[in-house]
Structure formats: structure tokens, C-alpha cells
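Everything below concerns the one structure shown next.
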2 protein chains.
Amino acid sequence: MAKVGRKPSAKREAILDAAQAAFLEDGYAATSMDGVALGACVSKATIYAHFASKDQLFAAVIQRRCERESVFQAPEGLPDARTALTQVARRLLGLLLSPEALAMYRVVVSESMRQPDLARAFYESGPAAGKAQIAEIMAELARRGALTLSDPWQATDMFIGMLRTDLFMRKLLGLPLREDQSPEQVIDTAVDIMMRAYGPVRPPVA
Amino acid sequence: MAKVGRKPSAKREAILDAAQAAFLEDGYAATSMDGVALGACVSKATIYAHFASKDQLFAAVIQRRCERESVFQAPEGLPDARTALTQVARRLLGLLLSPEALAMYRVVVSESMRQPDLARAFYESGPAAGKAQIAEIMAELARRGALTLSDPWQATDMFIGMLRTDLFMRKLLGLPLREDQSPEQVIDTAVDIMMRAYGPVRPPVA
DNA sequence: GTCTATATACAGATAGAC
DNA sequence: GTCTATCTGTATATAGAC
């Protein structure tokens, strides 16, 4: 069996690729090792030479997919808060609505109770990492005086929540979108609320 | 086989109860018809006398669970917007965080791509119905002048989103909550943002 | 409608040659 | 490491008696 340290074996990568496609497409239980072997042009025994079990193959797939993407660098230059938040929201909502992210979310959520380690890995590398990066941008905007907020983490939580609304739910469930639903409209509304709530010019508290 | 119209057979109900417990606890694939039969104190053949297949048993379970609960009646009396929104948020977040709702969400999301009809039934009776009821309350608050908003549906979407944040995600994935996370804190923050954005006294637009 | 017993298929995992 | 061939368990679904 291959060691834990990287073994950039071609077959191993082919197995992981085929397994990822199958798991994300069909879910954990509906994916068979025979199918993965077929997709990777490899015998089933070869899979077991690299991965001890279906569980561990699944874990390797999820872990590999968790080790990447983030890319919420602080907006270039010194844009105003509205522009900065809009850029961040576009990036995040685009990511959330991508077919790969939705498939990943479905399969991890469905297996989270049976594979707690995977649930944590996904959470840390996905939602938690994204939140941390956006919170840092929020904090920077607050330092510049572009936003007035006491807790960037709380504000970030709410901001992200406002992006995962009905549009996200429908995509997640595979339902068609209503005509008047668009990511841009969600983004505009969310940013608008953030600016009303935390914009630099705040109404005197009643 | 039993007709489609209601047959309040005791065994049928026992089967549905056992199946619901199993599906919500273990997920669709990991639930076996043998297990359901055991849980319902019934032979497996009896299950197939009532339900044509595992798929249809699952559908019946989900459908039955979808035909109920809502209960977002407009707050009693004429409370101010902050009180009304807080009451609504408490009710909704309590529902979202309940173990049954979380289990339902997990299993429906995981099977949504393979059973589109179920996904739609869940969406209509769950998220869509809840949103409609809350939007009506929003609209009533706007009519009273307690909120200033042009589109109650949009505002409702954002409000609900702000309740489904990190706290919800961690519960969904079965992760322990951070000490400083509490439903009440999420509710207070969300309501506060709504009041800042849509409260009757709005700042002049800069 | 309900049961016992069984058909049939396919899953995950392994043995052993190369 | 990789293959072919196989073991073994268990799943969905059904036959046929009552």
C-alpha cells in the first residue's frame, strides 16, 4: 500500500479523479468500487492497494478537494465599502453556486453524521476559512472608517448568510430558478442592507 | 397493495414510523428494508404489500412529514417591529435547529438529485411555506408603518438567511458549537440589522 | 394482509499469480 | 503494484401458504 506521504503515482491520481467524479455525482452510497475502478481504468484490487477501504478513499477525495481555493484577497486599491463588499459577494456567491461546490456540500452534509472527521475538515477548509478571510476584509474596512462595526465576525456571519438564501436553496435542491431570481439581485440587496446597517454614516440611535 | 387514498391501517402507520426513524437517522442508502421491518414489528413482505419499493416508501415518509407544521401566525396584539421580528426569528431558528429538521434537511438534500419530486415537495412545504408566512408578517409590519420596505419577499429572504449562519452550519455538520455562539445572539444581531436597514426611522440617504 | 422462506443481484474486500 | 478470479455478506424484492 502507498505510504501516507505524497506518492504522485499516475494510477493513484486516476483513482482519485474517478472517485471524486463518482462520489460528487452519485453520492457516497450509490458509488461502487467497481464503478470507480472502471472509471479509472484500473482493477478493483489496485484501488485497495492504495486505499484501505471505501471510507478511506472517500476521505482522501474530500481531503484533496479541501486543500485549495480560497482567494478572497482584499480588494485592490482602496475602494469604498460598497464596492469592496460587492466584489467579495460576487466571488463568494459564484463559488457557492458552482456545481462542484453544491455537489460537495450535498455529499458532505449527507455523510457528516457518519464521518465526523470529514465534516470537520470540510468545515474548516470551506465555510470557516472563507469566513475568516472575509472577516479580515471587514475588519480592514472598519479600520479605514469605511464601515462602522464592533464585531467583524458577527457582521461577516450575517453577510454570508444573506447570500445563502432562496436562490442557493433552489440550486442546492436542483429546482429551477424563478425568473426574477439572479445572483446580482441577491448581492445588491445584501450589500445594501450591510451598508444601511454598518455604513460610515449611521443614524443616531433612536 | 393499499390504495393511494388514506388507509389508516395500524401496520401501515407502524411501517411509516419505523421508516421515518431509520431514514432520518441513517440516511436513505444505509437504511435497509429488513431494518424497517424489524423496527415496525412486521415482516418485510408486509412492507411491500403497502409500498411498491424502497423509493416509494421513502417518498411516503417525506411526504407525510411535509404535511404539517408551519405556525408562523402573526404576532399577537400590535407589537413593535423589533419584538415581532424577534418572535418570528425565535420560532424559525428553533425549528431549523431541531434535530428532526436537521435530519430531514440532510437526507432530502442528499437525495434531491435522484428524487426531484421529493426535493420539490420538501421545498414547497418547508422553506417556501415558511418564507411565505414570514413575508406576510413583514408586509403587515410595513402596512402598519413599523417597517419601511419596498419588497417584503426580498427582506424576508435576507432575514431568514441571517438566521442560517455559522451556528446552523455547525449544527448541520454535527460539530460542537463555539462557546460564544447562541441562537439568541444570532437572533439579536439579525433583528438589529433588519431594524437598521428597514426600521421606520431611516437615515437620509447620503 | 400477513407471514416464512427464498430468488437474485451486487456490494466491499481479498487471494494469489505475475 | 497490478492484475484476474473469487469469497462472503447483505440488499431489494418476490413466491406461495395461510
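Quick caveat, the model's predicted, so the values are computed rather than measured. Throughout, a chain's letter reflects where its sequence line sits, starting with A, and its residues are numbered from 1.
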### Message
Going by salt bridge (charged side-chain N to carboxylate O under 4.0 Å, His left out), name the pairs with one or both residues in residues 92-116 of chain B, residues two or more places apart or in two chains.
### Response
E111(B)-R114(B)

#### Entry: Of the listed nucleotides dT2(D), dT12(D), dT2(C), the one nearest the side chain of Y48(B)
dT12(D)

### Query
On DNA chain C, nearest-nucleotide positions of T46(B) versus S53(A): which is more 5'?
T46(B)

Protein-nucleotides 16-18 of chain D N/O pairs under 3.5 Å:
none

### Task
For residues L96(A) and L102(A), determine if any side-chain heavy atom of one lies less than 4.5 Å from a side-chain heavy atom of the other.
no

#### Entry: Separation of atom CZ in F58(B) from atom C1' in dT12(D), rounded to whole Å
16 Å

### Task
Could you tell me the separation between the NE2 atom of H50(B) and the C1' atom of dT2(C), rounded to a whole number of Å?
8 Å

### Task
Hey, could you give me each pair passing salt bridge (charged side-chain N to carboxylate O under 4.0 Å, His left out) that has a residue in residues 172-188 of chain A? Not counting sequence neighbours.
R90(A)-E184(A), D166(A)-R178(A), R178(A)-D180(A)

### Query
Starting at CD of E13(B) and ending at P of dG1(C), how long is that distance when rounded to a whole Å?
13 Å

## Note on the structure
Applying side chain to side chain donor-acceptor pair (under 3.5 Å) to S43(A) and not counting sequence neighbours gives T46(A)

### Task
With sequence neighbours excluded, tell me which residues meet side chain to side chain contact (heavy atoms under 4.5 Å, CB included) with A14(A).
A40(A)

### Message
Taking side chain to side chain donor-acceptor pair (under 3.5 Å) as the definition, give me every residue that meets it alongside E124(A), ordered by chain and number, with sequence neighbours left out.
### Response
R120(A)

### Task
Not counting sequence neighbours, which residues clear side chain to side chain donor-acceptor pair (under 3.5 Å) with D26(A)? List them please.
none

### Query
Between atom CG in D26(A) and atom P in dA11(C), what is the gap in whole Å?
12 Å

### Task
Figure out the CZ/C1' separation between F51(A) and dG12(C), and round it to whole Å.
16 Å

### Query
In whole angstrom, what separates L57(B)'s CG from dA11(D)'s C1'?
15 Å

### Task
Among dT12(D), dT2(C), dC3(D), find the nucleotide with the atom closest to the side chain of K11(B).
dT2(C)

### Message
Show me the pairs that pass salt bridge (charged side-chain N to carboxylate O under 4.0 Å, His left out) and involve residues 44-64 of chain A, at least two apart or across chains.
### Response
E13(A)-R64(A), D17(A)-R64(A), D34(A)-K44(A)

### Message
Distance check needed: dT14(C) P versus I47(A) CD1, whole Å only.
### Response
13 Å

Between the protein and nucleotides 6-9 of chain C, are there any N/O to N/O pairs under 3.5 Å, and if so, what are the atom names and distances?
none

### Message
Looking at T165(B) and G161(A), would you say the former's side chain and the latter's main chain have a donor-acceptor pair under 3.5 Å?
### Response
no

### Query
What pairs meet the ring pair (Phe, Tyr, Trp, His ring centres under 6.0 Å) rule with one or both residues in residues 122-164 of chain B, with sequence neighbours excluded?
none

### Task
List in chain and number order the residues that pass side chain to side chain donor-acceptor pair (under 3.5 Å) with E136(B), two or more places apart in sequence or in another chain; answer none if no residue qualifies.
R143(B)

#### Entry: Contact under 4.0 Å: S43(A) side-chain N or O vs dC3(D) OP1/OP2
yes

### Query
Under a 4.0 Å heavy-atom cut-off, which of residues 28-40 of chain A touch DNA chain C?
T31(A), S32(A), M33(A), D34(A)

